[in-house]
> 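One structure coming up, written as structure tokens, with questions to follow.
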There are 2 protein chains.
Amino acid sequence: MELFGERGFEQTTVAEIAARAGLTERTFFRHYSDKREVLFGGSSGFSGLLMQSIADAPAGATPIDTIAAALATAGELFVDRLDHARRRQRIIDAHADLQERELIKLASLAASLAEALRQRGVGDPAARLAAEAGVAVFKVAFDRWIELSNTASLSDIIRESLDELKAVTAGNERR
Amino acid sequence: MELFGERGFEQTTVAEIAARAGLTERTFFRHYSDKREVLFGGSSGFSGLLMQSIADAPAGATPIDTIAAALATAGELFVDRLDHARRRQRIIDAHADLQERELIKLASLAASLAEALRQRGVGDPAARLAAEAGVAVFKVAFDRWIELSNTASLSDIIRESLDELKAVTAGNERR
DNA sequence: CTATGTGATGTCAGTAACTGACATAGAGCA
DNA sequence: TGCTCTATGTCAGTTACTGACATCACATAG
């Protein structure tokens, strides 16, 4: 993060990252499968927590309410992380390669959430659609949360965005 | 596509692709920004057609109906392309790098659709959510269409999937 | 018909991400 | 003390990708 902030992602070589960490380039690649991955280390833990909150949702909850519970968990995980999230996102937004990596992490998250729904007995394609919709809500909400003008909490924005999605798909939007 | 089918994507070097096309490696990179892009050339045209169908939708249509019109256009574009789509997808599914590229193309598509909705006067975040939901429906429907066991048309599957999404977000799904 | 400019292609050298093979060091343990 | 196992270092190699410059075909002005 330091080096990326100083020189930008492309201008920073893996050799420099390794040197700053007191390691060899070869050792870097033993810890991270590639240069981009260094920014996405925590994503598997994140995914696991959301899957758990799906598993823990009340037995009678509908798929969309179950997804809402997972999104609520996601919102809580970013409390007090706004500054860090903004710095990180600024780097990602500046490089298409990093955006691609972010998107595949989110796609993998959607697949995990769908699987967690299926384990609750939700059928396909409902499970997959609910999961994809949930991730779409998260993406939109996260972007709104990151915006410099925003002061609301991620949790609140997620709730609002989910309600907006419901209104949109119900055909309740003007124009 | 020939070379990727024979040897796989990673095992095929750009020099080989260029040679097969009767060109130099350097010339390849003047036509395609990178090796992966060779599989995603048509995506800007695709995106343009969907944006046009959003612009052409009836003035009073709701955002979700407008997106439905765009998805209908998308469905028509793949008539008689099932075999080609399956071969191409097999290659993509085998390589994470290619999946990343596919995802960023779809994200770019979602951004374009959202912009087309905004030009019709749809506000944010409704425009973005409707667009993201539309792309999610397309993803799920496309996967179902590609499945070997499937015989239905992409257009029909898209319609079904959109209806499923509406049911899911309305909370009308069991369990 | 010649000259000149323009766009596509070729040639070449260089950088940096990533990989495989092998060597070494240190921690724990018999 | 010696053995094993894991993390790390070293080194050589491949390949994607880029910048600089040369060349060639073709069109068009003069």
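Any value given below was found using the heavy atoms of this structure, including those in side chains, with hydrogens, waters and symmetry copies removed. Residue numbering restarts at 1 for every chain, and letters A, B, ... go by the order of the sequence lines.
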> Could you pull out all residues at least two apart from B/Asp56 that satisfy side chain to side chain contact (heavy atoms under 4.5 Å, CB included)?
B/Gln52
> Taking side chain to side chain contact (heavy atoms under 4.5 Å, CB included) as the definition, give me every residue that meets it alongside B/Ala152, ordered by chain and number, with sequence neighbours left out.
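For B/Ala152 the side chain to side chain contact (heavy atoms under 4.5 Å, CB included) partners, ignoring immediate neighbours, are B/Asn150, B/Ile157.
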> Indicate every side-chain donor-acceptor pair of residues 18-32 of chain B with a distance under 3.5 Å to a residue at least two apart or in another chain.
| from | atom 1 | to | atom 2 | distance (Å) |
| --- | --- | --- | --- | --- |
| B/Arg20 | NH1 | B/Glu2 | OE1 | 2.5 |

> Rounded to the Å, how far apart are B/Phe29 CZ and C/dG10 P?
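Whole-Å distance recorded here is 14 Å.
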> I'd like to check the ring-ring contact (aromatic ring centres under 6.0 Å, His included) partners of B/Phe9; sequence neighbours left out, ordered by chain and number.
B/Phe4, B/His95
> For residues 102-109 of chain B, tabulate all N or O donor-acceptor pairs below 3.5 Å that involve a side-chain atom, not counting sequence neighbours.
| from | atom 1 | to | atom 2 | distance (Å) |
| --- | --- | --- | --- | --- |
| B/Glu102 | OE1 | B/Gln89 | NE2 | 3.3 |
| B/Glu102 | OE2 | B/Gln89 | NE2 | 3.3 |
| B/Lys105 | NZ | B/Glu37 | OE2 | 2.7 |

> Are OP1 or OP2 of D/dT8 and a side-chain N or O of A/His31 less than 4.0 angstrom apart?
yes
> With sequence neighbours left out, write down each residue that passes ring-ring contact (aromatic ring centres under 6.0 Å, His included) with A/His84, or none if nothing qualifies.
none
> Check DNA chain D against residues 6-18 of chain B and give the residues with a non-hydrogen atom under 4.0 Å, in numerical order.
B/Thr12, B/Thr13, B/Val14
> Send over the distance from B/Asp34 CG to C/dA17 C1', rounded to a whole Å.
14 Å
> Who are the side chain to side chain donor-acceptor pair (under 3.5 Å) partners of B/Arg159, not counting sequence neighbours?
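Residues passing side chain to side chain donor-acceptor pair (under 3.5 Å) with B/Arg159: B/Asp156.
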> Going 5' to 3' through nucleotides 9-14 of chain D, assign each nucleotide B (protein heavy atom under 4.0 Å from a base atom), S (under 4.0 Å only from sugar-phosphate atoms) or - (no protein heavy atom that close).
BB----
> Any residue in residues 93-108 of chain B with a heavy atom nearer than 4.0 angstrom to DNA chain C? Just list them by number, or reply none.
none
> Distance-only check: which donor-acceptor pairs under 3.5 Å involve side-chain atoms of residues 122-138 of chain B, not counting sequence neighbours?
| from | atom 1 | to | atom 2 | distance (Å) |
| --- | --- | --- | --- | --- |
| B/Asp124 | OD2 | B/Arg118 | NE | 2.8 |
| B/Arg128 | NH1 | A/Asp143 | OD2 | 2.8 |
| B/Arg128 | NH2 | A/Asp143 | OD2 | 3.3 |

> Please check if atom CZ in B/Arg86 has more than 12 non-hydrogen atoms from other residues, nucleotides or ligands closer than 6.0 Å.
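Yes, enclosed.
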> Can you list the residues that meet the salt bridge (Lys or Arg N to Asp or Glu O under 4.0 Å) rule with B/Asp34, with sequence neighbours excluded?
B/Arg101
